[in-house]
Each structure stands twice: as structure tokens, then as C-alpha cells.
Amino acid sequence: MGHLPQSLYSAAGPKFPYPGSSGLGVDQRKLTWSRFPVFLRCASTESLTSLTQNNAAEIELKYLVSQHGWDVRRLNRDDEDEIRRVSLVQAEAFHIPLALFDDFFFMFFQAEVLSALLYKLKNSPPDRYACLVAEQTSETETLSSSSVVGVVDVTAQTESSVLRYFPGVDEYLYVSGLAVSKAQRRKKMASTLLKACDVLCYLWGFKLLALRAYEDDAAARNLYSNAGYSVVETDPLWTSTWIGRKRRVLMTKRFS
């Protein structure tokens, strides 16, 4: 096939006749194109590009998406420092500060995040779970763990509570753990990570992406809406009045 670009998708659109959560495996991983209709569409209104299985049976892929100054690739599962860095980014994003002993509790929270990540990396098939990481384009040549400033998880699921809205669909990809370092927010990194999830959805042959957001988190819901997700369900009112937890909305994005 000759020389292939490092990214199948760039800010200018698909580079290759025609891909995030992303994931498993090293950052350059051979992929076999066999499970899905080889017709890829970007999440925005950018042009569509088709490809055939004959001319893309197997490729070596480094970046799923290169856009807005960010490169998104799969986590290098052999790099312990990078795995720790990913757990730190997620822990900083989701930790709720406490008035007392915050540093102490944060340390334990990060350990829990790291433990969960290691479990998924060890026990999930490489085409059922992916951890995608984002780094600045100028830093990707070094592939340093410190350059990872964004992360998202993508997991294949079969929950009936989601699939009941989509007759004929047997499974879907669930997007979770979307986290961006505080210093890098409002720079379209989250949008780029969601674009990589779209790419991964095509690669794995899925037709549906799903995620959950808090009902009162307008910023997150706007982000997902702009990426093509729509609300299909809201948690029952009793979940907030009786249990005392925040209500969530289920948002999905379907591909033809």
C-alpha cells in the first residue's frame, strides 16, 4: 500500500481512503479491517470517504485523530509511567476536594482509579475496551508519559436499558471517563477525543455510541450535543429525591 500517514483523520479531513476510548496495545498496532462496512463518516459535516477491504486489509495505525493541535492514540499498555499519568489526569478531573486531609484522600482516589484501569487493561479484549489518550501534536515525537493531557475510555456493552431504544442493535460502545488536564481545557481537546471515539466505533464495526451526563451539567451536555449525541432517557425523579444522587441523562449517537 505504500507509505501511510500517521493519522487517518486530520483537521483537514480524512487523509486516507479510509478510524479512540479511546486503547489497549502499543501506540503502533496492526489492525485488521474485517468486521465493519468500510465506509467512514466524520462526526461533523466534513466530507465522507470510502474505502474497500481489498486495499486496506491491514494497516499500521499510530494516531486515530489529529485535530485542533491534538493527536489521539491508544494507550501504550506497556508503559507504566503513561498508565500512571492517565490515572492522574482522570483522578484530578473527578476528585471532589475535601476541606480536611484532601491530599491524603486524593492519593487513595488516584490509587483506586489506577487499580480500575489496570484491571480493565488486563482483563478486557483489545476490541472490547480501549483507553484513548491525547497529547499536543508538537510533543508526540517524544511519546513521553508527561505529554498525555487528555483521556477517554471506550467499552463494548450490551445493557438492555440502552439497547431497548434501538431494535436490531445487539451491542454498543460506551464512552466514559472523559478527562482533560485543567491547564488544557477549552482548547477543543474533549471534542477531539470524542472524534476519536467515532473513529474507533467504525474500526470495530459498531453502529451506536452511548454515554451519560449529569442533567444539570450544561457544559458537558452542550459538548456532547455538538458532537452529535442526543438525549434518549433521563433518570427517574426518585433517584434524586429519595437516593439523593444527581440525575443523569443517557445520550446516544447512531451511525448508519
Side-chain angles (χ1 to χ4, degrees), residues 20-24 70 72-124 129-136 139 142-155 157 159 174-194 196-197 210-224 234-251:
S21 251
S22 30
L24 306 182
W70 306 110
V72 180
R73 58 179 172 83
R74 301 181 68 140
L75 169 70
N76 184 352
R77 68 185 303 173
D78 298 321
D79 189 335
E80 294 181 1
D81 290 336
E82 180 167 286
I83 293 174
R84 291 192 182 92
R85 172 62 184 172
V86 166
S87 70
L88 176 62
V89 171
Q90 288 186 318
E92 289 178 341
F94 298 113
H95 173 65
I96 300 176
L98 301 175
L100 297 175
F101 308 110
D102 184 61
D103 291 342
F104 177 78
F105 284 105
F106 175 79
M107 179 180 64
F108 278 94
F109 181 66
Q110 184 185 357
E112 290 181 356
V113 174
L114 176 59
S115 177
L117 176 59
L118 290 172
Y119 179 85
K120 288 182 288 187
L121 291 173
K122 180 180 179 180
N123 295 284
S124 302
Y129 167 75
C131 179
L132 306 182
V133 298
E135 54 197 355
Q136 289 184 338
E139 297 178 352
T142 63
L143 292 180
S144 167
S145 62
S146 62
S147 66
V148 173
V149 288
V151 59
V152 66
D153 290 320
V154 187
T155 309
Q157 294 187 358
E159 287 188 14
Y174 188 73
V175 178
S176 62
L178 178 61
V180 175
S181 295
K182 187 175 182 179
Q184 304 298 336
R185 293 173 186 172
R186 300 185 182 278
K187 298 180 181 180
K188 297 188 177 182
M189 188 195 302
S191 299
T192 305
L193 285 165
L194 291 174
C197 295
L211 55 80
R212 287 184 171 87
Y214 287 122
E215 184 183 37
D216 60 356
D217 191 343
R221 292 182 59 176
N222 286 337
L223 169 68
Y224 301 138
T234 303
D235 283 346
L237 183 61
W238 60 264
T239 60
S240 59
T241 56
W242 292 2
I243 300 179
R245 110 183 156 186
K246 298 173 66 175
R247 296 176 71 192
R248 301 174 303 167
V249 295
L250 171 65
M251 305 183 71

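Nothing fancy with the numbering, it's 1 onward along the sequence. Heavy-atom basis, side chains included; hydrogens, waters and symmetry copies ignored. The structure presented is a predicted model; accordingly, all values stated were derived computationally and were not measured.
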Q: Find out whether Leu211 and Ser176 are in side-chain contact, i.e. whether some heavy atom of one side chain is under 4.5 Å from a heavy atom of the other.
A: no
Q: Would you give the length of the straight line joining atom NZ of Lys120 to atom CG of Leu118, rounded to the nearest 0.5 angstrom?
A: 10.0 Å
Q: Keeping the roles fixed (side chain from Arg248, backbone from Arg212), state whether a donor-acceptor pair exists under 3.5 Å.
A: no
Q) To the nearest 0.5 Å, how far apart are NZ in Lys182 and CD in Glu92? A) 9.5 Å
(Q) Quick check for you: to the nearest 0.5 Å, what is the distance between Arg245 atom CZ and Trp238 atom CH2? (A) 7.0 Å
Q | Parallel, tilted or perpendicular: rings of His95 and Phe106 (30°, 60°) | A | perpendicular
**Q.** side chain to side chain contact (heavy atoms under 4.5 Å, CB included) involving Phe104 - partner list, sequence neighbours excluded
**A.** Phe101, Met107, Phe108
Q: Of all the heavy-atom pairs spanning Gln184 and Val149, show the shortest one and how long it is.
A: CG-CB, 3.9 Å
(Q) Looking at Leu114, is its backbone amide N or carbonyl O close enough to the side chain of Arg84 to form a donor-acceptor pair, meaning the two atoms are under 3.5 Å apart? (A) no
Q. Between Leu75 and Leu121, is any pair of side-chain heavy atoms under 4.5 Å apart?
A. yes
(Q) A side-chain contact here means heavy atoms from C-beta on lying under 4.5 Å apart; do Glu82 and Cys131 qualify? (A) no
**Q.** By side chain to side chain contact (heavy atoms under 4.5 Å, CB included) - contacts of Asn222 (at least two apart)
**A.** none
Q: Indicate the atoms forming the closest heavy-atom contact of Val89 with Val148, along with that distance.
A: CG2-O, 3.9 Å
**Q.** Arg247: side chain to side chain contact (heavy atoms under 4.5 Å, CB included) partners, not counting sequence neighbours
**A.** Glu215, Thr234, Asp235, Leu237, Thr239, Ser240
(Q) Would you say CD of Glu80 has more than 12 non-hydrogen atoms from neighbouring residues, nucleotides or ligands within 6.0 angstrom? (A) no
Q. Where do Phe94 and Leu178 come nearest, in terms of heavy atoms and distance?
A. CZ-O, 3.4 Å
Q. When rounded to the nearest 0.5 angstrom, what distance separates CZ in Phe109 from CG in Asp102?
A. 11.0 Å
Q. Is it true that a side-chain atom of Trp70 and a backbone atom of Lys187 form a donor plus acceptor pair closer than 3.5 Å?
A. yes
Q | Shortest non-hydrogen contact between Gln90 and Ala179, atoms and distance | A | CA-CB, 3.9 Å
Q. If every non-hydrogen atom of Ala210 is compared with every non-hydrogen atom of Leu250, which pair is closest and at what distance?
A. CB-CD1, 4.3 Å
Q. Roughly how far apart are Lys246 NZ and Tyr214 OH, rounded to 0.5 Å?
A. 6.0 Å
Q. Can you name the closest pair of heavy atoms from Arg85 and Ser181 and give their distance?
A. NH2-OG, 3.6 Å
